[in-house]
**Student:** 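Handing you a structure now.
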Amino acid sequence: MSTEKEIKRITTKALGLLKKKGIKISALTAYDFITAKILDETGIDLILVGDSLSNVFQGNETTLPVTMDEMIYHTKVVTKGVNRAMVIVDMPFMSYQLSVDEGFRNAGRIMKETAAVGVKLEGGERVAETIRKITEAGIPVMGHIGLTPQSIHQFGSYRERGVIKTEADEILKDAKIIEEAGAFSIVLEKIPAKLAKKVTESLTIPTIGIGAGIHCDGQILVTPDMLGLNLEFHPRFVRHYSRLAEDIHKAVDKYIQDIRKQNFPSEEESY
Ligand code: KIV
C-alpha cells in the first residue's frame with residue numbers, strides 16, 4: 001500500500017511533493033487493462049506504458065519495432081483501468097528522433113488519442129529542445145538517461161552506464177539539461193548507485209531508478225519481470241516478487257488433467 005493513498009490522483013505536482021517530503025515513489029509498467037486495474041488498486045503511484053511492451057508483450061529482442069499505433073492502442077486499454085496512478089507513455093523509437101517538430105507532433109497525437117498524463121523519451125542533451133517544445137505545449141515529459149534501450153545498437157550491449165568518469169559526467173550534465181528543459185521527472189537506468197545519488201541530489205525533480213540503487217526518489221520495474229513471468233530473465237536489478245510462470249504452469253497442468261479425467265466441469269459448474 002502506498003503511504004500517500006489519500007492522494008486522489010497522482011499529478012506531476014504530487015510527485016514533486018513526494019520527493020520534497022522524502023516519500024519514495026513506486027512505479028511499474030502495464031500494457032493491458034486488467035493488470036493496470038490491479039496495479040492501480042494497490043496504490044502504485046505511476047504506471048508506465050513502456051516500450052518494453054516490444055520485448056515482454058510482443059516477444060521482440062529489442063524495443064525498436066514497437067510503433068506509435070501500438071503504443072496508443074495499449075495506452076488506451078491501460079488508462080481504462082486506472083483511476084489514481086499517473087499514466088505515462090513511452091514515445092517509441094523514431095517517433096521523436098527525426099526532428100523536434102516530429103517529436104512534438106507525435107507527443108500531441110498520444111495526448112489527443114489516449115487518456116495518458118504525459119510522455120517519456122530517451123536521451124539527454126540531444127532531445128532537450130524536443131522536451132522544451134513538448135512541455136511548453138502543456139504536455140508533461142519524463143526523461144530517461146543512463147542505459148537507453150532504444151540506442152542498443154549504438155552501444156552494442158545492455159551493460160551498466162556511467163562507470164567511467166566521462167560517461168558519469170555526461171549523465172549528470174544530461175540530467176540537469178533535461179530538468180532545465182522542463183521535464184517533471186527522470187528515469188535513471190542501470191547506473192552506479194553513487195552516481196544516481198549525485199544526480200538525485202542535484203535535481204529538484206524526482207528521479208525514478210531501474211538498476212540505479214536505493215538513493216533515487218522512486219523505483220520502477222517491468223511488471224512481468226518482477227512478477228516472475230519469465231524466470232529465465234533475471235538481471236541483478238530485478239527482484240522476483242512472485243513466480244507467476246510456475247503458478248501458471250501448475251494451474252494449466254491441473255486444468256488439462258481435470259479435463260482428461262472428466263473432473264471438469266462438475267455438476268455445479270454446469271447448467
Ligand atoms: O520501457 C520500459 O519499460 C521502460 C522502463 C524500464 C523504465 O522504459
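Order of listing sets the numbers, starting from 1, for every ligand and every atom in it. Computed from a prediction, not measured in an experiment: that's the story for all the values here. All values below were derived from every heavy atom in this structure, side-chain atoms included, with hydrogens, water molecules and symmetry-related copies excluded.
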**Student:** Check ligand 1 against G50 and write out every atom of the ligand that is under 4.0 Å from a heavy-atom position of the residue.
**Tutor:** 1 (O), 2 (C), 3 (O)
**Student:** Got H144 and P149 here, is their nearest side-chain heavy-atom distance under 4.5 Å?
**Tutor:** yes
**Student:** If you count the atoms of ligand 1 from 1 in the order shown, which ones are under 4.0 Å from a heavy atom of H144?
**Tutor:** 8 (O)
**Student:** Determine, for E41 against K37, whether the closest basic-nitrogen to carboxylate-oxygen distance falls under 4.0 angstrom.
**Tutor:** yes
**Student:** Would you kindly specify which portion of D90 sits under 4.0 Å from ligand 1, judged on non-hydrogen atoms: side chain, backbone, both or neither?
**Tutor:** side chain
**Student:** Would you mind writing out the side-chain donor-acceptor pairs for residues 247-254 within the sub-3.5 Å range, not counting sequence neighbours?
**Tutor:**
{"residue": "K254", "atom": "NZ", "partner": "D258", "partner atom": "OD1", "Å": "2.9"}
{"residue": "K254", "atom": "NZ", "partner": "D258", "partner atom": "OD2", "Å": "3.3"}

**Student:** Partners of Q154 by side-chain contact (heavy atoms from CB on, under 4.5 Å), sequence neighbours excluded?
**Tutor:** S151
**Student:** Output the list of atoms in ligand 1 that are nearer than 4.0 Å to some heavy atom of T29, sorted by atom number.
**Tutor:** 3 (O)
**Student:** To which protein heavy atom is atom 4 (C) of ligand 1 closest, and what is the distance rounded to 0.1 Å?
**Tutor:** L48 CD2, 3.5 Å
**Student:** Between V127, D174, V187, which is the residue that forms a side chain to side chain contact (heavy atoms under 4.5 Å, CB included) with I145?
**Tutor:** D174
**Student:** Of T29, D225, D90, T223, which is the lone residue that meets side chain to side chain contact (heavy atoms under 4.5 Å, CB included) with S52?
**Tutor:** T29
**Student:** Is it true that, when you exclude Y73 itself, more than 12 heavy atoms of the residues, nucleotides or ligands shown sit nearer than 6.0 Å to its OH?
**Tutor:** no
**Student:** Would you say K120 contacts ligand 1, with heavy atoms under 4.0 Å as the rule?
**Tutor:** yes
**Student:** I want to know if ligand 1 touches S52 in the polar sense, i.e. an N/O pair below 3.5 angstrom.
**Tutor:** yes
**Student:** If you measure from each non-hydrogen atom of D51 to ligand 1, which part falls under 4.0 Å: side chain, backbone, both or neither?
**Tutor:** both
**Student:** To the nearest 0.1 Å, how far is atom 6 (C) of ligand 1 from its closest protein heavy atom, and which atom is that?
**Tutor:** I210 CD1, 3.6 Å
**Student:** Any nitrogen or oxygen of Y31 lying under 3.5 Å from a nitrogen or oxygen in ligand 1? Just yes or no.
**Tutor:** no
